[in-house]
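Have a look at the structure below before the remarks.
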Amino acid sequence: MEVENLVAGLNPVQREAVLASSGPLLILAGAGSGKTRVIVHKIAYLITAQGVAPRQIIALTFTNKAAQEMRERVREMIGPVAQSMWISTFHSSCARILRLHGELLGFSAKFSIYSDREQTALLKEIIRKLNLTPTMFPVNYLSSVIEDAKNRGVSPEDYAQEVHHAPNPKLRLVAEVYKLYQQGLKDNDALDFGDLLFHTVALFNRHPELLESYRERFSYILVDEYQDTNEIQYRLIGLLAEPRRNLCVVGDDDQSIYSWRGAQIKNILDFESDYSEAKVIRLEENYRSTATILKAANRVIAANKRRKGKDLWTSNHSGDKVSLYLAANEADECSYVVKRISTSVREPGEFAIFYRTNAQSRIFEEGLSRRAIPYTIVGGTKFYDRAEVRDLLAYLKVVNNERDGLSLLRILNIPTRGVGKTSVEQLQAYAEEHDLSLWDTLERLQSEALIRGGARNSLIGLADMIRQWRRRDQEGCRPSRLCAEIVAGIGFAEWLLKNNDPVQAQTRQENIAELLNAIELWEDEQEKPTLAAYLENVALINDDHLDEAAQSRVTLMTIHRAKGLEFNEVFLVGLEEGLFPGKRSYEKPELLEEERRLCYVGMTRARQKLHLSACRVRRLYGQTMDNRPSRFLLDIPLELLKREDRNGKVHDSGRLLPAVGGSARIRSQASAGQTERPAPVRNLNFEKRKSAAKTAAAARSAGAAGEVDKAPSFVSGSRVEHSVFGPGVVAGVKGSGDNAKLDIIFRDRGRKLLSLKIATLKFLG
DNA sequence: TTCGGAACCCTTTTT
DNA sequence: GGGTTCCGAA
């Protein structure tokens, strides 16, 4: 292929990035700047023009989706030779390496990969063994400390050193947990996600000759989303990249939003000092969004200090102004969003709703389904979390890896076969005493009289079955077939039917069928569909193959999940102080900067139209919060915004005064600022001093119920209607003004004390 | 063994 | 507020 063809259709900067083929290269790729395109072209260029063998290239990504897309597009450009290239996630690449050499560290080639759930189970066991109080040592605290340590490349021994002189003696116990946890994983021939990276680096450090062979093999290294790399990934990259330093990293410091997962923005910021001969290329032309959206986003991110500095531009038309909706509460915010979607000419699939926290999704789900608008929620792949699915996967893991005791433990009495707590404890005690694996203990049942009665027989029967399935696996039986045989062998469907109500039994059986189906689908794409390969796929590639249907639905997701995606029309909701940016980020400037980047990521997902919204009052975790609009909103110049009412009408051209109420003080300040550049802080502020009755009126007119023009006066005996609780009668009034609370007896929902300021009440007389 | 109610949790979660 | 998890009672 001619060089000209390879760079055809690229802009000059992109072209430069593709042609810079050797030495360290940092590509700062702004949102929507054609990053993937550049990487793909670059790979094609290396292979076809520079004569680099595909097997000499490794491209590392964070998500399977990114890897898959890259692989597919490279294949389209250069054909099937792409097969021999490593284009995969950090974790997959490491798993691949560890399967080959893990025995050097004491793991078999068939090690299990433990999910969070299994991690938790293991930790709980350790907490119990050490007699730690779960309140002082919560599982998720321990797992996050351990995960963090691994991300930093800190071994249990290192960690013990670290906390040796720590003032808090608790940490020394944590170090003990970490040590035992790693031992536990080893005993089970299992690795967790963090281990995959950690052990690969350990492997290379301990076996220089091995590292050397990989260095020789991978003469070109590409890393996607470099801003998200953590310490251990950084070290891995550093190890592989020496001494040739043909390292191309692509990323955007402004989109670094995973520091809480150990990502270090310094990796991308310091690239030029890490590799002094590095070349830096900025992709700043955006092909995605309208000029207005881009300008607004640029302004938000410009307030950050710790950044490389980039100014995205576009030749796209300026498009609509960014809409702003200041809602009374989240129900109001929801009805605005739903109304905009339902009255739009766009298809549902063109919309996305982004929120900061998952807890915000519920109300939008309800609102959309009430209007029969199809939607999909991205997040929480629940399928592999179902008990019956995990049961079957545990069976498969036991068949695959006989040292996986945790999985074996899970299935001992599933379906129930009379193996109770006592039998299990006896087994475990015996295993401990004789330093045997759980499986080996099971095998000794034949000769040793360690358990009596029915439990003994059924366990012997189970062991027989497992041995038989292992034989089937070795014969080359397909995983789907094997799984079906297991289901039949243990009478799983019948057991589910017997132990659940008909409806639940039905769904559970459907889940089994879906699992079998998923395995078959996976097999269809594999050359060699082995059980081991399938289990790795399940562990590392939480495949949501339900993507196609999602195309035609409104997409709901957290902003974190939205990174890398784009939609024609985007609703970024809940832009409130305390929520976004979150309260926890207040004291730490670097966390605030990350929240800001998150906002930037959300905004830059929109192609045509961006809506921002904030609630004055929000109920979250059972508490009512009185919020001010997010500081991020205040950074957007007024001329890029238009304030809408819930019908999408522009409320007040230019000025962003709240429509209802508005104290004289605020109004006068706003109009005074009008001649100059209006002070957005004041203009966007919700009125704090609005009278309680007026607020209630504003909320009411925002709600679905009828209009009331004048502020009603609630007295004992007044009939009211609440948006949620329905009709009721006021039994008493406590306090006055903003603090007024109404004691209301509802017809259907009992007696409640509601704040007049907050409750969405309709006054009936 | 299964249920129901109390107790607990609560940003974000690429792998 | 809502969901999950855990423990005790039947």
Side-chain angles (χ1 to χ4, degrees), chain A residues 60-68 88-95 113-117 119-121 124 134-135 138-141 143-144 147 150-151 191-198 200 224-225 227-230 232-233 255-263 330 354-363 378-382 385 387 413-421 495 498-501 504 536-544 557-565 574 578-585 591 594-595 597-599 601-602 618-625 724:
Chain A
L60 295 165
T61 67
F62 278 87
T63 66
N64 294 298
K65 205 174 158 196
Q68 204 181 329
S88 54
T89 63
F90 277 98
H91 290 84
S92 296
S93 302
C94 288
I113 297 174
Y114 275 1
S115 67
D116 300 1
R117 292 282 205 149
Q119 195 176 8
T120 303
K124 278 188 180 160
T135 34
V139 178
N140 49 7
Y141 164 72
S143 63
S144 75
E147 186 191 313
K150 288 179 182 175
N151 285 342
L191 276 72
D192 66 18
F193 287 133
D195 281 345
L196 294 172
L197 278 297
F198 182 87
T200 303
D224 191 21
E225 307 277 22
Q227 77 281 356
D228 288 337
T229 49
N230 61 28
I232 199 78
Q233 287 157 340
Q255 294 188 64
S256 164
I257 54 174
Y258 283 101
S259 72
W260 47 277
R261 295 279 264 125
E330 64 267 39
F354 300 152
Y355 34 80
R356 179 68 242 266
T357 67
N358 285 309
Q360 290 166 257
S361 70
R362 165 172 301 272
I363 191 159
V378 180
T381 318
K382 284 286 157 89
D385 229 25
N413 199 32
I414 291 179
T416 43
R417 45 173 76 89
V419 181
K421 212 162 140 190
W495 179 68
K498 204 174 71 196
N499 287 285
N500 294 284
D501 66 74
Q504 202 161 44
E536 177 146 330
N537 169 72
V538 173
L540 296 180
I541 309 175
N542 248 335
D543 191 19
D544 16 19
M557 60 178 128
T558 62
I559 310 168
H560 279 93
R561 289 224 167 209
K563 197 175 73 161
L565 305 177
L579 181 65
F580 191 28
K583 251 202 185 74
R584 283 162 224 245
S585 60
L591 290 185
E594 181 149 317
E595 294 282 297
R597 291 193 290 269
L598 194 55
C599 184
V601 167
R618 175 179 296 276
R619 304 209 89 211
L620 198 63
Y621 306 130
Q623 279 186 317
T624 305
M625 306 187 303
V724 175

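A note on names: the letters A, B, ... follow the listed sequences, proteins ahead of strands, and every chain is numbered from 1. Bear in mind that the values here come from a model prediction, so they are computed numbers and not experimental data.
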Reckon Asn64(A) touches a base, only the sugar-phosphate, or nothing at all at heavy-atom distances under 4.0 Å?
sugar-phosphate
Taking 4.0 Å as the cut-off, does a side-chain nitrogen or oxygen of Arg597(A) come that near to OP1 or OP2 on dT12(B)?
no
Touch check for Tyr258(A), heavy atoms < 4.0 angstrom, all strands: base, sugar-phosphate only, or nothing?
base
Would you say Ser144(A)'s side chain and Tyr141(A)'s backbone share a donor-acceptor pair under 3.5 angstrom?
yes
Taking atom P in both dT4(C) and dT13(B), what distance in whole Å separates the two?
16 Å
Check nucleotides 5-11 of chain B against the protein and report each pair of N or O atoms closer than 3.5 Å, with its distance, or say if there are none.
from	atom 1	to	atom 2	distance (Å)
dT11(B)	OP1	Arg584(A)	NH1	2.9
dT11(B)	OP1	Arg584(A)	NH2	2.9
dT11(B)	OP2	Arg584(A)	NH2	2.3
dT11(B)	O5'	Arg584(A)	NH2	3.4

Heavy atoms only, 4.0 Å cut-off, all strands: where does Arg417(A) land among base, sugar-phosphate and nothing?
nothing
Any chance the side chains of Ser259(A) and Glu594(A) put a donor and an acceptor closer than 3.5 Å?
yes
In this structure, how many angstroms lie between the C1' atom of dT15(B) and the NZ atom of Lys150(A), rounded?
13 Å
So CD of Glu147(A) and CZ of Arg261(A): to nearest 0.5 Å the spacing works out to 5.0 Å
Between dT14(B) atom P and Ile257(A) atom CD1, what is the distance in whole Å?
11 Å
Do any N or O atoms from the side chain of Asn413(A) and from the backbone of Val419(A) form a donor-acceptor pair under 3.5 angstrom?
yes
Would you tell me if any nitrogen or oxygen in the side chain of Arg261(A) comes within less than 4.0 Å of OP1 or OP2 on dT13(B)?
no
Quickly work out the Asp192(A) CG to dT14(B) P distance and round it to whole Å.
16 Å
